[in-house]
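Keep in mind that the numbers below use all heavy atoms, side chains included, and drop hydrogens, waters and symmetry copies. Convention: sequence-line order gives letters A, B, ...; per-chain numbering from 1. Everything numeric here is computed off the predicted structure, so don't read it as measured data.
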Amino acid sequence: MRCALAVLLAVCTVTLAAQRPAESAQRPDFSGYWELRLDSFRVPRAALTPQSTAAAESQAKKDAEALSRCALIGMPAVMDDRSALDVRHAPTVIGMVAKSPSSARYIYIDGRSHPAADELEPTTNGHSIGRWDGDTLVVDTVGFNDRGVTRIPGGGHRTPASHLVERYRLHEDGQRLSVVFTWEDPSVFQRPHSYEFRYYKVSEISEPRVINCVPNAERTRFLSGVPQ
Amino acid sequence: MFKVTRIVSCAIAMIVLTAAATHAQRPAAAIAPPLPGMSGMWLVQDPGSGSWAAWFNNVPKPAVRPEIARDNEETEKREAAGNVVNTMARRPDCPVGNLPMMMASSPPLNIVVARDEVLIAAESGRGRFIYTDGRQHPDTKAPSYVPSGFGHSIGRWEGDTLVVDTIGFPARVCDSRRPVMLVPGGGRAKDTSHLVERFRLADPETLSVTFTWEDPTVYVKPHTYGYTYKRIPEGLPIENNEQAPAPAANQTGAK
């Protein structure tokens with residue numbers, strides 16, 4: 001009888017544990033190689049300010065020149081790399097590495113805040129901190145510069161005044177990663193611009209892991225239209 | 001006898017159910033048990049040697065083969081004569097990176113210790129990928145293998161020590177001054193080289209790494225040295241965000 005009660009208690013424990021949301025036990029781990037596919041993009045048109053619309057052509061030329069010169073592409077282009085993105089999730093920080101010329105991206109999840117503005121040197125990826133909202137990681141990024149490839153999906157471009165919030169969540173038993181991006185920048189957008197990328201987990205990543213990009217005069221002329 | 005059998009059956013049932021409960025608490029993709037806190041930014045500790053060359057070689061001298069010793073002497077003479085500028089063009093087939101240089105240099109190392117893979121790079125750059133998922137090295141002699149200056153690294157945990165095994169370095173790099181990568185003390189890192197590193201936290205703020213190089217074409221016996229790194233709390237990695245130079249001003253190296 002005592003054994004039967006003990007087994008019943010254990011069964012209840014198993015049942016409750018299985019029903020417990022992941023966030024109350026352990027956080028999801030976003031580690032893996034994540035690729036974008038044809039059906040990955042949920043991108044509406046952005047409502048741009050007149051000045052941003054007017055700057056679109058010159059901005060596109062600047063982006064093309066950055067590409068042709070192998071500049072670090074930066075956000076959000078690193079999240080739109082045509083090769084799988086390597087995401088490595090440690091307890092205090094998440095590292096992301098793209099194949100295209102770029103800096104590694106670090107999302108600090110140790111509870112720190114953004115540095116004071118006078119301590120923050122702007123970068124192409126900005127400064128990112130994350131916090132958990134249930135099983136969703138909410139990432140807040142500021143401190144961008146205007147170098148690299150600045151184009152934002154749906155329209156507009158990254159500026160030093162841009163503010164990005166991303167929401168990362170796993171689906172399909174951890175095989176799909178949804179990232180919802182929301183950009184705010186009063187000089188670029190009339191209202192916050194949101195879109196979603198859906199990444200699919202793959203077991204391997206192609207070698208070599210990074211591109212040895214070499215600037216090429218012909219490529220520069222072709223992509224940028226800028227005489228050298 | 002029946003009572004003993006019943007007790008054993010009950011115990012087995014409890015063990016199985018307890019194990020199931022433990023498993024059920026673990027999400028399909030969950031962070032592994034807490035790893036030693038190596039993630040973060042780490043600054044190599046310079047003992048005050050005064051110059052880069054003096055610091056780089058401020059390790060026990062390796063026992064190298066005679067031809068390597070001669071080459072070291074010739075390199076020293078060339079550099080003393082002012083041959084310190086790399087004149088080789090940057091080409092698409094130039095190997096990316098330089099492991100022994102990066103691990104010895106002053107730009108802080110940015111380390112992310114995650115499940116299955118460890119990232120190590122200088123500042124905000126991209127660098128080493130150390131696979132800790134149990135995979136083996138690829139065939140680094142195969143034509144399809146593209147060598148990088150970081151080689152191919154696999155790691156395993158021995159208690160609180162990360163042991164990293166690296167092979168697959170390039171035979172030559174795009175540097176007119178030193179066409180084969182240098183190893184501190186006067187060694188070389190190349191296609192025949194094998195490196196074993198042991199990463200361990202001496203305390204939460206101090207990372208110790210020992211390096212052991214083996215290569216019968218370079219060393220008479222294994223070459224071992226170590227560095228100490230100090231944690232930079234909440235360090236901000238610097239980005240080399242200058243736009244790449246115009247094609248006319250090509251430089252060696254890669255991002």
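- Side chains of Phe129(B) and Val97(A) form a contact here, defined as non-hydrogen atoms less than 4.5 Å apart.
- Asn212(A) contributes a side-chain N or O that, together with a main-chain N or O of Cys94(B), makes up a donor-acceptor pair within less than 3.5 Å.
- Side-chain contact between Arg88(A) and Asp116(B): present, with at least one pair of heavy atoms (C-beta onward) separated by less than 4.5 Å.
- Here the closest heavy-atom approach between residue Gly125(B) and residue Tyr106(A) is recorded as O-OH, 4.3 Å.
- Contact detail for Ala114(B) and Ala90(A): the closest heavy-atom pair is CB-N, 4.2 Å.
- Counting heavy-atom neighbours within 6.0 Å of Glu158(B) CD, excluding the residue itself, gives a total above 12.
- If you measure heavy-atom distances from Thr92(A) to chain B, the contacts under 4.5 Å come from the side chain alone.
- Note: Asn145(A) CG to Glu239(B) CD = 6.0 Å, rounded to the nearest 0.5 Å.
- Residues Asp29(A) and Arg115(B) form a side-chain contact, since some pair of their non-hydrogen atoms from C-beta on lies under 4.5 Å apart.
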Distance-only donor-acceptor hits, side chain of residues 110-117 of chain A, under 3.5 Å, sequence neighbours excluded:
from: Asp110(A); atom 1: OD1; to: Arg112(A); atom 2: N; distance (Å): 3.3
from: Asp110(A); atom 1: OD1; to: Arg112(A); atom 2: NE; distance (Å): 3.1
from: Asp110(A); atom 1: OD2; to: Arg112(A); atom 2: NE; distance (Å): 3.2
from: Asp110(A); atom 1: OD2; to: Arg112(A); atom 2: NH2; distance (Å): 2.9
from: His114(A); atom 1: ND1; to: His127(A); atom 2: O; distance (Å): 3.4
from: His114(A); atom 1: ND1; to: His127(A); atom 2: ND1; distance (Å): 2.9
from: His114(A); atom 1: NE2; to: Asp140(A); atom 2: O; distance (Å): 3.4
from: His114(A); atom 1: NE2; to: Asp140(A); atom 2: OD1; distance (Å): 2.8

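- Closest approach of Val93(A) and Ser39(B) over heavy atoms only: CG1-CB, 4.1 Å.
- Looking at Glu207(A) and Val146(B), their side chains never come closer than 4.5 Å, going by heavy atoms from C-beta outward.
- Listed by chain and number, the residues in a salt bridge (charged side-chain N to carboxylate O under 4.0 Å, His left out) with Asp133(B) are Arg135(B) (sequence neighbours excluded).
- When all heavy atoms are compared, the tightest approach of Tyr108(A) to Gly235(B) is OH-O, 3.8 Å.
- Looking at Asn125(A) and Ser124(B), their side chains never come closer than 4.5 Å, going by heavy atoms from C-beta outward.
- A 4.5 Å side-chain heavy-atom check between Ser103(A) and Arg126(B) finds every atom pair outside the cut-off.
- Taking the charged nitrogens against the carboxylate oxygens, Glu117(B) and Arg209(A) do have a contact shorter than 4.0 Å, which makes a salt bridge.
- Residues passing the salt bridge (charged side-chain N to carboxylate O under 4.0 Å, His left out) test with Arg172(B), sequence neighbours excluded: none.
- Among residues 158-168 of chain A, no residue has any heavy atom closer than 4.5 Å to a heavy atom of chain B.
- Most heavy-atom pairs under 4.5 Å with chain B, from the set Asp86(A), Ile94(A), Leu120(A): that is Asp86(A).
- Taking Ile238(B), Asp93(B), Val112(B) one by one and counting their heavy-atom pairs under 4.5 Å with chain A, the maximum is reached by Val112(B).
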